Amino acid sequence: MSAPFAARCLFPLRAAPSRACLQRTFHSSRPLYAGPGENDNPGKEIAENEKQAKWRYKKVKSIAPAREKEELARPLPAGLKPEHFKAYTDKNKKILKEWYTPAQLAAIEAGEAAVDPQDLAEQATLRDGPWAFDYLDDFAQIHPVIDKPVRAPEENYDPKLRYKNEDEIGEDFAKFIQDLPDEPTRLDYIKFRDNLRLTVGKEEAERNPRNYLAPEIPKGIPEMKKYGSTRKPGEVEIDPAMKRLMRQTGYSLDQIRRFRVKNLVTHRVVNQTRMGKIQSQYFLTVAGNGRGLLGIGEGKSTEPEDARRQAHFAAIRNAQPIPRYEDRTIFGDVKVKIGAVELELMTRPPGFGIRCQAYIFEMCRCAGISDLAARVTRSRNPMNTIKATFQALLTQRIPDEIARGLGKKLVDVRKVYYGGNVQ
């Protein structure tokens, strides 16, 4: 490799996979290839750089980390003249062909021919300012983050651009059929498909648009109907809040309507602010499907109806399965304490009924429990009573858990065999 190749092709190697892997040396405040103490014998330095370039070509497949980074960042000698920047030799081009496509190689040669060697020798400088790049790159591609996008000229904009209608597209296809050769091939159709215009107006506005706003949709096409109401005659429009609830829970509208909903607690809430007293309405609601699903929800708003709907939807959204023994009562007695409320739920035989507070009674009816007894000691705050009942129904110890804890089979825990006889 000769000296002109090392001087004119600054970095003939392809850029490393990471754009920030190497420090760029093309920007500095020093003259091109200048270095302290290296101006006395430029010929010797050129030979040394030629030797380093040969070594880099041998090691290029494994990007050498520290040593090669230092050599690439090392400034080359100054004192060069225009005759040092000569065209590529056949040997240089053979090396470049290993890394670049023919189109890229042609672009490199065109770029080298466009640069005056006199400018390289006299005006080229290296920058190390705040706008200098900190990576090596051949600038063969536009980077979407660093480089500015290439925009189409303003002349490509056509305000009267519109889509072709069916008749115009049919005329284009008829012309294509007329112009077909005697022995058409698939290539003819591919060319027609690629060159077919879908708009009427400037060709540049479609091929290389200035703006990316689509033209108006043509009228009269059945597939392009405007969005509107899709309700059938007599069908009731679903509220947006109800649609959101259906997406969140996965229930259909009929399933939500079958939920048994009961407002258990409602009272007025007053918030004192510097603007005065702001009144709100509070609702505590329970909802269940009567087959083991139960949920509680709270809502508060200045409008009572809004607060009621919030509590209603929250109860359905928070619905959880309640374990039921024989679909009528609970599995064993349960004790729960929330705040100052101490509550005990007790299982009862068939036909016993629900003998408890009104709040617990309504929750059992929503959950589908028909035989239950309950005792509430100490405080009987309605809100804490409802929350304690809900927690007690969820914390039952079912036979499967007891069997796993004792290391026995399920039939041994219940003391009932397949015939139904009790030991």
Side-chain angles (χ1 to χ4, degrees), residues 225-269 271 278-325 327-328 330-331 334 336 338-339 341 343 345 354 358-370 372 381-398 400-401:
K225 292 182 179 180
K226 293 184 178 179
Y227 290 99
S229 178
T230 58
R231 287 185 291 132
K232 299 178 181 180
E235 185 179 356
V236 180
E237 185 176 1
I238 302 177
D239 186 70
M242 181 66 72
K243 292 181 179 179
R244 192 182 313 113
L245 179 64
M246 293 169 60
R247 290 195 301 267
Q248 292 173 347
T249 59
Y251 300 141
S252 64
L253 183 61
D254 294 337
Q255 290 175 329
I256 293 178
R257 287 177 176 175
R258 292 194 187 102
F259 269 81
R260 180 185 180 90
V261 182
K262 187 69 175 180
N263 299 322
L264 299 183
V265 179
T266 173
H267 55 257
R268 188 172 63 94
V269 181
N271 183 23
I278 300 177
Q279 300 183 7
S280 301
Q281 197 73 19
Y282 172 84
F283 279 83
L284 179 60
T285 305
V286 294
N289 64 351
R291 297 189 300 273
L293 273 181
L294 182 66
I296 60 175
E298 297 175 298
K300 185 172 68 173
S301 177
T302 55
E303 296 293 334
E305 182 61 23
D306 294 342
R308 186 195 65 80
R309 287 175 62 84
Q310 289 180 18
H312 179 186
F313 291 165
I316 297 177
R317 192 182 302 113
N318 299 332
Q320 299 186 35
I322 302 298
R324 296 183 301 162
Y325 176 69
D327 293 341
R328 61 175 186 82
I330 61 175
F331 288 92
V334 185
V336 173
I338 290 184
V341 175
L343 178 139
L345 300 182
I354 306 175
Y359 304 117
I360 305 176
F361 176 84
E362 294 295 342
M363 296 182 67
C364 291
R365 291 190 62 185
C366 292
I369 297 175
S370 57
L372 184 79
N381 179 272
M383 297 172 60
N384 286 344
T385 301
I386 296 170
K387 296 177 181 179
T389 304
F390 186 65
Q391 181 176 343
L393 293 174
L394 292 177
T395 55
Q396 302 178 54
R397 294 194 65 190
I398 60 177
D400 293 339
E401 296 179 357

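Remember, it's a predicted structure, so these values are computed and weren't measured experimentally. This chain uses plain numbering: 1 for the first residue, then up along the sequence.
From Arg257, atom CZ reaches atom CG of Leu253 across 4.0 Å, with rounding to the nearest 0.5 Å. From Glu298, atom CD reaches atom CZ of Phe283 across 13.0 Å, with rounding to the nearest 0.5 Å. Note: Ile338 CD1 to Asn381 CG = 10.5 Å, rounded to the nearest 0.5 Å. Atoms CG and CZ, on Leu393 and Arg324 in that order, are 11.0 Å from each other to the nearest 0.5 Å. One finds the OG1 atom of Thr385 at 6.5 Å from the CD1 atom of Ile360 (value rounded to the nearest 0.5 Å). Taking NZ from Lys387 and CD from Gln391, the interatomic distance works out to 11.0 Å, rounded to the nearest 0.5 Å.
A 4.5 Å side-chain heavy-atom check between Met363 and Phe390 finds at least one atom pair inside the cut-off. Using a 4.5 Å heavy-atom threshold, the side chains of Met246 and Ile256 count as touching. A 4.5 Å side-chain heavy-atom check between Asn263 and Arg308 finds at least one atom pair inside the cut-off. Between Met383 and His267 there is a side-chain heavy-atom pair separated by less than 4.5 Å. In this structure, Gln281 and Val269 have side chains that are not in contact, with every pair of non-hydrogen atoms separated by 4.5 Å or more.
Exactly one of Thr389, Leu264, Asn318, Val286 qualifies for a side chain to side chain contact (heavy atoms under 4.5 Å, CB included) with Ile296. That residue is Val286.
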Checking Ile322 against Leu394 for the side chain to side chain contact (heavy atoms under 4.5 Å, CB included) test, could you report, in this order, the C-alpha distance in whole Å, the side-chain angles of both residues, the deciding distance, and whether it holds? CA-CA 6 Å; Ile322 302 298; Leu394 292 177; 3.5 Å; yes
Check step by step if side chain to side chain contact (heavy atoms under 4.5 Å, CB included) holds for Phe313 and Met242. CA-CA 8 Å; Phe313 291 165; Met242 181 66 72; 3.8 Å; yes
Walk me through whether Asp327 and Arg291 qualify under salt bridge (Lys or Arg N to Asp or Glu O under 4.0 Å). CA-CA 8 Å; Asp327 293 341; Arg291 297 189 300 273; over 6 Å; no
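Residues Leu372 and Cys364 share a closest heavy-atom pair of CD2-SG, 3.1 Å. The two residues Ala388 and Val336 have their closest heavy-atom pair at O-CG1, 4.0 Å. When all heavy atoms of Ser301 and Ala307 are compared, the closest pair comes out as N-CB, 3.6 Å. Scanning all heavy atoms of the two residues, the minimum distance from Ala315 to Thr285 falls at CB-O, 3.7 Å. When all heavy atoms of Pro304 and Thr302 are compared, the closest pair comes out as CD-O, 3.8 Å.
A search for ring-ring contact (aromatic ring centres under 6.0 Å, His included) contacts involving Tyr251 returns Phe259, not counting sequence neighbours.
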